[in-house]
Asks: 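Below: one structure in structure tokens.
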Number of protein chains: 4
Amino acid sequence: MTETSEPQMSRIQQKNRDLILHGALEAFSANGLRGATIDQIARSAGLSKPNVLYYFGSKDEIHKALLTTLLEMWLAPMQQIDPDGDPLSEVLRYMRAKLMMSQDYPRESRLFAHEILQGAPHLTEILGGGLREIVDRAAGVLQGWMDQGRLAPVDPRHLIFSIWSMTQHYADFEAQVRAVLGPGRDPIDEGGVFLDNLYRKLLTP
Amino acid sequence: MTETSEPQMSRIQQKNRDLILHGALEAFSANGLRGATIDQIARSAGLSKPNVLYYFGSKDEIHKALLTTLLEMWLAPMQQIDPDGDPLSEVLRYMRAKLMMSQDYPRESRLFAHEILQGAPHLTEILGGGLREIVDRAAGVLQGWMDQGRLAPVDPRHLIFSIWSMTQHYADFEAQVRAVLGPGRDPIDEGGVFLDNLYRKLLTP
Amino acid sequence: MTETSEPQMSRIQQKNRDLILHGALEAFSANGLRGATIDQIARSAGLSKPNVLYYFGSKDEIHKALLTTLLEMWLAPMQQIDPDGDPLSEVLRYMRAKLMMSQDYPRESRLFAHEILQGAPHLTEILGGGLREIVDRAAGVLQGWMDQGRLAPVDPRHLIFSIWSMTQHYADFEAQVRAVLGPGRDPIDEGGVFLDNLYRKLLTP
Amino acid sequence: MTETSEPQMSRIQQKNRDLILHGALEAFSANGLRGATIDQIARSAGLSKPNVLYYFGSKDEIHKALLTTLLEMWLAPMQQIDPDGDPLSEVLRYMRAKLMMSQDYPRESRLFAHEILQGAPHLTEILGGGLREIVDRAAGVLQGWMDQGRLAPVDPRHLIFSIWSMTQHYADFEAQVRAVLGPGRDPIDEGGVFLDNLYRKLLTP
DNA sequence: TATGAATGAGTTTTCATTCAT
DNA sequence: AATGAATGAAAACTCATTCAT
């Protein structure tokens with residue numbers, strides 16, 4: 001969560017930037033870009049409102065910086081799919097990694113969900129066509145395995161969509177999941193079992 | 001989309017309520033509750049701002065009324081799962097119905113997505129435990145089929161989550177889906193094929 | 001000071017617009033565009049701040065509307081120079097008219113002075129090249145008279161500048177004029193005598 | 001432009017004060033007292049904002065110091081009117097000197113214009129009645145010449161106003177002058193010819 | 001001297017809501 | 001039923017100034 005490209009940044013500055021981004025994650029993930037206020041962010045970061053704007057020029061900039069900062073981490077698991085690994089294991093490992101992110105970083109998941117729901121204006125600006133290239137690479141690996149008969153043939157991009165949607169569902173729609181399951185259950189743990197089975201059946205050649 | 005509990009409502013009143021709800025769907029689905037403004041809704045409905053508030057006392061009330069109005073339609077497909085039908089066909093039919101809703105009613109899908117992302121404060125109020133009961137019934141049907149060996153055994157509630165998440169993904173995350181697939185493709189059509197295969201493999205006993 | 005091009009405007013709306021423009025003239029002429037606050041304008045107009053913005057969308061818009069509203073009146077005297085009149089009388093009449101405007105409308109004079117000092121960003125937008133054409137016409141008339149030997153030959157545009165600067169000086173630099181002359185004198189009355197003599201001597205062929 | 005009353009000031013201090021005053025002239029002349037920001041001044045001076053305030057305690061003080069610093073230079077030409085010189089030559093020389101200041105120091109001219117437009121609060125404080133005395137002296141010289149029949153009789157103070165207004169017009173209202181004359185002309189050069197002629201005709205006895 | 005950091009007091013603007021008719 | 005007019009409360013920013021080092 002630290003920015004290292006601009007070297008001249010003091011300890012305290014770095015710390016405050018992180019406090020702000022942390023508060024912003026809290027606010028934006030709960031209320032969306034428009035619904036969050038700089039006041040919330042400032043309070044959550046323990047700073048004054050103008051001080052927040054001293055570090056980031058505007059609310060939009062905080063939002064953009066937050067997305068930028070988190071994007072890499074968000075996309076990392078997919079880039080770790082190993083073309084030389086065992087196909088099914090690799091897919092299951094990717095699914096598990098995404099599911100763990102819903103567990104460990106639900107706010108990040110919701111942040112991206114909000115952004116994409118609105119048409120992803122900031123993400124598009126940040127990513128350019130970058131997302132597509134990343135997905136294309138992973139899809140290529142998957143397609144290769146299918147061509148080799150090591151994985152049952154399905155559309156690799158829709159396979160990826162399915163992993164995204166099902167794993168993130170546990171974070172983004174947590175309120176609903178809890179309402180349906182009732183108390184005393186571990187949605188993500190159960191989801192792991194369900195999804196493991198699902199992808200084994202779907203992809204075993 | 002009409003409200004029938006208060007009988008004395010003129011034709012024109014009814015029409016204006018519908019216009020407002022229509023405009024509200026447009027605004028709320030695109031920008032969320034906080035991001036949408038009454039001005040947008042009024043403009044989209046072709047009415048004046050105070051007139052909008054004459055029909056519904058506040059922005060929150062419009063939102064609540066909209067959710068209420070759409071909820072039944074939103075949950076209808078699940079209630080149409082027929083215990084006496086063919087298990088796999090029933091599940092696939094349900095999945096298809098949900099997928100078609102992403103195609104035909106993407107704004108409704110995003111409206112609910114926004115609401116649940118925020119913790120579903122209004123929905124909880126409206127539904128009480130209603131959602132749970134509805135899901136419990138469907139889950140009971142599914143479980144029965146599994147117990148009879150007519151469907152491969154999986155957790156029925158997580159099965160339902162998977163259908164929700166994957167089908168709604170095409171509406172809620174449309175921006176991302178389009179960015180990944182590029183132009184000239186029909187995401188939902190392709191998704192139908194993918195999901196049909198997925199659930200056949202998952203659920204065939 | 002009333003706007004007649006948009007007919008559907010109620011009595012009260014018209015009155016409030018005028019109140020606002022009046023308050024804006026007060027504030028802008030004294031403090032300039034940046035120095036004046038909407039609060040000042042609102043107080044001076046006896047309205048609430050948001051109500052001021054209900055009539056004009058922003059501070060800039062008020063300023064622009066004010067300049068637009070006053071521009072015609074401001075340029076009127078020059079357009080009344082009569083090609084068929086007596087040359088010297090016409091020039092003197094124009095000078096007198098401008099001088100009277102410094103007497104009767106000093107705030108308007110200062111408003112334009114502020115705007116032009118800043119490089120006339122709004123005026124340029126409003127006028128386009130309009131000012132030049134208006135001056136060209138008057139300069140043409142003056143030049144004609146000079147060519148006929150009815151007026152001593154001088155550069156007509158600089159003649160116009162001299163009239164502008166000297167007459168407006170009594171409004172724009174009033175503080176200095178008063179400081180130099182001391183109390184108990186009538187600067188504009190004396191200025192009239194001085195300028196009358198000046199232009200007679202300058203222009204009598 | 002240097003301040004000599006406080007003797008212990010290092011070379012570097014002196015240089016920074018000058019840098020600040022230079023930046024302040026830039027900012028204040030373009031935007032007025034309220035419109036200019038310390039940030040602008042600091043950036044223009046190449047110093048940090050708090051450092052600017054280390055040299056001058058407040059924005060107002062910078063402004064006051066700037067006016068004070070420039071005032072002497074601004075009034076110098078009038079004090080150089082030589083009672084023993086040739087009357088017409090002296091007046092023309094003064095007018096030319098003022099006109100050259102519009103050419104060489106337009107920002108200084110605009111700075112004073114802004115200040116006087118606002119009612120000259122700072123100048124009054126600085127000058128006390130000083131301006132009046134200076135003008136009184138010059139007016140006395142002029143009046144003497146008129147009494148001797150060496151200059152046509154006019155009100156000497158209004159004569160001075162006329163010189164001020166017409167010469168400064170080329171700096172203060174430059175935007176307008178350029179808009180009227182169009183490109184490719186030298187306003188001040190032409191103005192010199194015009195004003196030379198004007199004052200010869202006005203003042204030749 | 002010098003400055004990065006911080007902030008209180010504005011200032012513009014937005015917006016849900018109310019008022020008067 | 002309907003709306004032009006109005007506003008309080010908030011929200012995003014700005015900026016002169018101060019603090020700590």
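Note on naming: letters A, B, ... go to the chains in the order of the sequence lines (proteins, then strands), and numbering restarts at 1 for each one.
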Asks: Going by atom types alone, do C:His114 and C:Asn31 pair a side-chain donor with an acceptor below 3.5 Å?
Replies: no
Asks: Establish, with yes or no, whether the OP1 or OP2 oxygen of F:dC15 is under 4.0 angstrom from a side-chain nitrogen or oxygen of C:Arg34.
Replies: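 So the side-chain polar atoms of C:Arg34 do come within 4.0 Å of the phosphate oxygens OP1 or OP2 of F:dC15, strictly under.
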Asks: Counting heavy atoms from C-beta on, name the nucleotide in E:dT13, E:dT17, F:dT17 closest to the side chain of B:Lys59.
Replies: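 Between E:dT13, E:dT17, F:dT17, the one nearest the side chain of B:Lys59 would be E:dT17.
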Asks: For the pair made of NE2 in B:His63 and C1' in E:dA16, what is the distance, rounded to whole Å?
Replies: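 Taking atom C1' of E:dA16 as the reference, NE2 of B:His63 is at 16 Å.
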Asks: At a cut-off of 3.5 Å, list every protein nitrogen or oxygen paired with a nitrogen or oxygen from nucleotides 2-6 of chain E, distance to 0.1 Å.
Replies:
{"unit_1": "E:dA2", "atom_1": "OP2", "unit_2": "D:Asn16", "atom_2": "ND2", "d": "3.2"}
{"unit_1": "E:dA2", "atom_1": "OP2", "unit_2": "D:Tyr55", "atom_2": "OH", "d": "2.5"}
{"unit_1": "E:dT3", "atom_1": "OP2", "unit_2": "D:Ser48", "atom_2": "OG", "d": "3.3"}
{"unit_1": "E:dT3", "atom_1": "OP2", "unit_2": "D:Asn51", "atom_2": "ND2", "d": "3.1"}
{"unit_1": "E:dA5", "atom_1": "OP1", "unit_2": "A:Ser10", "atom_2": "OG", "d": "3.1"}
{"unit_1": "E:dA5", "atom_1": "OP1", "unit_2": "A:Gln13", "atom_2": "OE1", "d": "3.1"}
{"unit_1": "E:dA5", "atom_1": "OP2", "unit_2": "A:Gln13", "atom_2": "NE2", "d": "3.3"}
{"unit_1": "E:dA5", "atom_1": "OP2", "unit_2": "A:Tyr54", "atom_2": "OH", "d": "3.2"}
{"unit_1": "E:dA6", "atom_1": "OP1", "unit_2": "A:Asn16", "atom_2": "ND2", "d": "3.0"}
{"unit_1": "E:dA6", "atom_1": "OP2", "unit_2": "A:Asn16", "atom_2": "ND2", "d": "3.0"}
{"unit_1": "E:dA6", "atom_1": "OP2", "unit_2": "A:Asn51", "atom_2": "OD1", "d": "3.4"}
{"unit_1": "E:dA6", "atom_1": "OP2", "unit_2": "A:Asn51", "atom_2": "ND2", "d": "3.3"}
{"unit_1": "E:dA6", "atom_1": "OP2", "unit_2": "A:Tyr55", "atom_2": "OH", "d": "2.4"}
{"unit_1": "E:dA6", "atom_1": "O5'", "unit_2": "A:Asn51", "atom_2": "ND2", "d": "3.2"}

Asks: If you define the side chain from C-beta out and look only at heavy atoms, does anything of D:His63 sit under 4.5 Å from D:Glu115?
Replies: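 Yes - at least one pair of side-chain heavy atoms lies under 4.5 Å apart.
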Asks: What I'd like to find out is whether the side chain of A:Lys49 reaches to under 4.5 Å of the side chain of A:Gln40, using heavy atoms alone.
Replies: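 No; the side chains remain at least 4.5 Å from each other.
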Asks: Heavy atoms under 4.0 Å, any strand shown: does B:Ala36 hit a base, just sugar-phosphate, or nothing?
Replies: sugar-phosphate
Asks: Whole-Å distance between F:dA11 P and A:Ile62 CD1?
Replies: 14 Å
Asks: Please check: side-chain N/O of D:Lys59 versus main-chain N/O of D:Ala36, any donor-acceptor pairing under 3.5 Å?
Replies: yes
Asks: Start at the 5' end of DNA chain E and walk down; is the nucleotide closest to C:Asp39 or to B:Asp39 reached first?
Replies: C:Asp39
Asks: Is it true that a side-chain atom of B:Glu26 and a backbone atom of B:Gly23 form a donor plus acceptor pair closer than 3.5 Å?
Replies: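 Absent.
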Asks: Counting any heavy atom closer than 4.0 Å, what does B:Leu53 reach on the DNA or RNA strands: base, sugar-phosphate only, or nothing?
Replies: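 Result for B:Leu53 = base.
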Asks: Measure the distance from CD1 on C:Ile38 to P on F:dT7 and round it to the nearest whole Å.
Replies: 15 Å
Asks: Using a cut-off of 6.0 Å, state whether more than 12 heavy atoms not belonging to C:Tyr55 lie near its atom OH.
Replies: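 More than 12 heavy atoms, drawn from other residues, nucleotides or ligands, come within 6.0 Å of this atom.
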Asks: How would you list, by chain and number, every residue that makes a salt bridge (Lys or Arg N to Asp or Glu O under 4.0 Å) with A:Lys64, sequence neighbours excluded?
Replies: A:Glu125
Asks: Given atom CD of D:Gln40 and atom P of F:dT14, what is their separation to the nearest angstrom?
Replies: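 Rounded to whole Å, this separation is 13 Å.
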Asks: Report yes if some heavy atom in the side chain of B:Tyr54 is under 4.5 Å from a heavy atom in the side chain of B:Leu47; otherwise report no.
Replies: no
Asks: Once pairs are restricted to Watson-Crick or G-U wobble with both distances under 3.5 Å, how does DNA chain F read as a dot-bracket string, [ ] for crossings and | for other-strand pairs?
Replies: .||||||||||||||||||||
